[in-house]
Amino acid sequence: MNASISTPAPGTFTIHGTDGESRAGELVTAHGVIETPIFMPVGTQGTVKSLSPQDLHDFRAQIILGNTYHLYIRPGDEMIARRGGLHKFMNWDGPILTDSGGFQVFSLSALRKLSADGVEFSSHLDGSKHFFSPEKAISIQNNLGSDIMMVLDECVPYGADYDYTNKSLATTTAWAKRCREYHAPGTNGQLMFGIVQGGFDKDLREKSMAQLTEIPFEGFALGGLSVGESKPEMMDILYHCGPIMPAAKPRYLMGVGTPMDILNGINAGIDMFDCVLPTRNARNGTLFTSQGKVNIKRAEYEEDDSPLDPNCSCYTCRTFTKAYLRHLYKAGEILSYRLNTLHNLTFYLDLVRGARKAILAGTFQDYKAKFEEIYEKKP
RNA sequence: GGAGGGGUUCCCGAGUGGUCAAAGGGAACAGACUGUAAAUCUGUCGGCGGACGCCUUCGGAGGUUCAAAUCCUCCCCCCUCCA
């Protein structure tokens, strides 16, 4: 009998089952194996807002996000590197994916200048100038030590015309090549994903994909969605692109979305998701439940002693009433943010775990239909 | 007892003749949030009707005026200081 059970190399992606376009797989990273489809809580500044790593483990988060731009600006990637990297610094021993700053090209558009060579950001904190070349974006992520690095890209705003989108796509591809050249496959166990852009034009999306898939990335992401477009437009691109992204590699839909968006993503063959919605909405009083969206601040919950979600096993639902959660929110209590976030992320993680199970059982369509029925009434 | 200050729409608080249903804040009510410049932002907030308007409202009662939350008289209440 072979005594050595060797762990597969980071980047190894195995598909254990499919149901239509949807897939149930496993991605190996330097900090553990991720079961897909997966939702990745967003922890921009080295923390999933209001939660501790212990909380993340409690609802079995498998991988979280960090952000290159924000951690570079504060506290600084070198400062983190001196402390042994982001995992050690924040005491999270699971996988981490870092976004490249490409989204800040979009969200901080007033504070940056784009050139063929990279992006110059004016810090949102003190206005100081910082140039992100593709190489710089990767070097920062090297310092952070993330398991999955994202290439620097331009997240194109909604409404951009064909010419702009086409040129931007060429830039994103050129940057992607430079990122890969700067960090060869297999180095440090850090994976690198390319990002498909192309706006809302299917030809441009295919063009982007054709160019990117020539570069040896360990995975591919669909970016530039949920930037202000209508739901049908988003679904159109999602269902067009998802199924034709490289089948043997993990597919990551960036920044999306609502529970139904995620089920649609899975249905379109996507394996990985991230979104600030469950965490941000939790802090703003909107909670996702098995019975639809609940706006906990509403007067109707003032004396409602039932649990937030009777089908949820999270600490919040096991322990507190809607009346109490409403009170905490209305009173602006810190605990409100924590309990709400705990619940929303539990719901999202349960959602994708359930999807994985359904895919393996061949019942994903039924699973999706069940949520559709609830969430089309309360989207 | 004397001197002064004050009572404004749920609360605090602007407003001292018309452009005031009355600034601003809070509370309340509702909505938004999608690779986090977000524990943030938006709307409503006297009543009835589409807008426009009409009605009721600024401690109480009366008065002046074309017009009063704003001016006058009396009354009620609160606060500060002096006796």
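Naming: A, B, ... by sequence-line order, numbering from 1 per chain. Here the structure is a predicted model, which means the values were calculated and not measured. Scope of the values below: all heavy atoms of this structure, side chains included, with no hydrogens, waters or symmetry mates.
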Q: Tell me what A:Q45 touches on the nucleic acid: a base, only sugar-phosphate, or nothing, going by heavy atoms under 4.0 Å.
A: nothing
Q: Show the distances under 3.5 angstrom between N or O atoms of the protein and N or O atoms of nucleotides 43-47 of chain B.
A:
none

Q: Considering every strand and a 4.0 Å limit on heavy-atom distances, what is the contact class for A:S336: base, sugar-phosphate, or nothing?
A: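 The residue A:S336 makes no contact with any strand.
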Q: Suppose we define a pair by two distances each less than 3.5 Å, Watson-Crick or G-U wobble; what does B:G46 pair with here?
A: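 B:G46 is paired, partner B:C55.
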Q: Looking at the base of B:G31, is there any donor atom on it, or on the side chain of A:N295, that sits under 3.5 Å from an acceptor on the other one?
A: no
Q: Over all strands shown, is A:D153 touching base, sugar-phosphate only, or nothing at heavy-atom distances under 4.0 angstrom?
A: base
Q: Who does B:C10 pair with, Watson-Crick or G-U, both distances under 3.5 Å?
A: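 By the stated definition (distances under 3.5 Å), B:G26 pairs with B:C10.
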Q: Looking across every strand, which nucleic acid part, if any, lies under 4.0 Å from A:L111 by heavy atom: base, sugar-phosphate, or nothing?
A: base
Q: About how many Å separate NZ of A:K322 and OG of A:S306, when rounded to the nearest 0.5 Å?
A: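 The NZ atom of A:K322 is 2.5 Å from OG of A:S306, to the nearest 0.5 Å.
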Q: Does B:A3 pair with anything, Watson-Crick or G-U wobble, both distances under 3.5 Å, and if so, with which nucleotide?
A: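 Base-paired to B:U80.
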Q: How about A:F320 and A:Y315: are their ring centroids closer than 6.0 Å?
A: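 Yes, the ring centres sit under 6.0 Å apart.
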Q: When all nucleic acid strands are considered with a 4.0 Å heavy-atom cut-off, which category describes A:T279: base, sugar-phosphate, or nothing?
A: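 It contacts base atoms.
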Q: Check whether the ring centres of A:W92 and A:H57 lie less than 6.0 Å apart, and answer yes or no.
A: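 Between A:W92 and A:H57, the centre distance is under 6.0 Å.
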Q: Does anything in residues 199-219 of chain A pair up under salt bridge (Lys or Arg N to Asp or Glu O under 4.0 Å), and if so which pairs, sequence neighbours excluded?
A: A:R180-A:E218, A:K202-A:D236
Q: Which nucleotide, if any, forms a Watson-Crick or G-U wobble pair with B:C20, using both distances under 3.5 Å?
A: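 WC or wobble partner does not exist here.
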Q: Measure the distance from CG on A:D99 to P on B:U36 and round it to the nearest whole Å.
A: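 Going from A:D99 (CG) to B:U36 (P), I get 5 Å.
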Q: When the ring centroid of A:Y72 is compared with that of A:Y69, is the distance short of 6.0 Å?
A: no
Q: To the nearest Å, how far apart are A:Y348 OH and B:C33 P?
A: 11 Å
Q: Taking the ring of A:Y252 and the ring of A:F220, is the distance between their centroids below 6.0 Å?
A: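 No, they do not, as the ring centres are separated by 6.0 Å or more.
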Q: Restricting to pairs with a member in residues 125-152 of chain A, which pass salt bridge (Lys or Arg N to Asp or Glu O under 4.0 Å), not counting sequence neighbours?
A: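 Qualifying pairs: A:E135-A:R178.
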Q: Let me know the distance between CG of A:D274 and P of B:U36, rounded to the nearest Å.
A: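 That distance rounds to 7 Å.
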Q: For the ring pair A:F39 and A:F273, is the centre-to-centre distance below 6.0 Å?
A: no
Q: A:E302 near the nucleic acid: base, sugar-phosphate alone, or nothing, with a heavy-atom cut-off under 4.0 Å?
A: nothing
Q: Regarding A:N284, tell me which of base, sugar-phosphate or nothing describes its non-hydrogen contacts under 4.0 Å with the strands shown.
A: base
Q: If I take atom CE in residue A:M234 and atom P in nucleotide B:G35, what distance separates them, rounded to the nearest angstrom?
A: 11 Å
Q: Looking at every strand, decide which applies to A:I195 at a 4.0 Å heavy-atom threshold: base, sugar-phosphate, or nothing.
A: base
Q: Any base atoms under 4.0 Å from A:G224, or only sugar-phosphate, or nothing? Heavy atoms, all strands.
A: base
Q: With a 4.0 Å cut-off on heavy atoms, is A:K297 in touch with a base, just the backbone sugar-phosphate, or nothing at all?
A: base
Q: Please report, rounded to the nearest Å, how far the P atom of B:A39 is from the CD1 atom of A:I334.
A: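 My rounded result for the distance is 13 Å.
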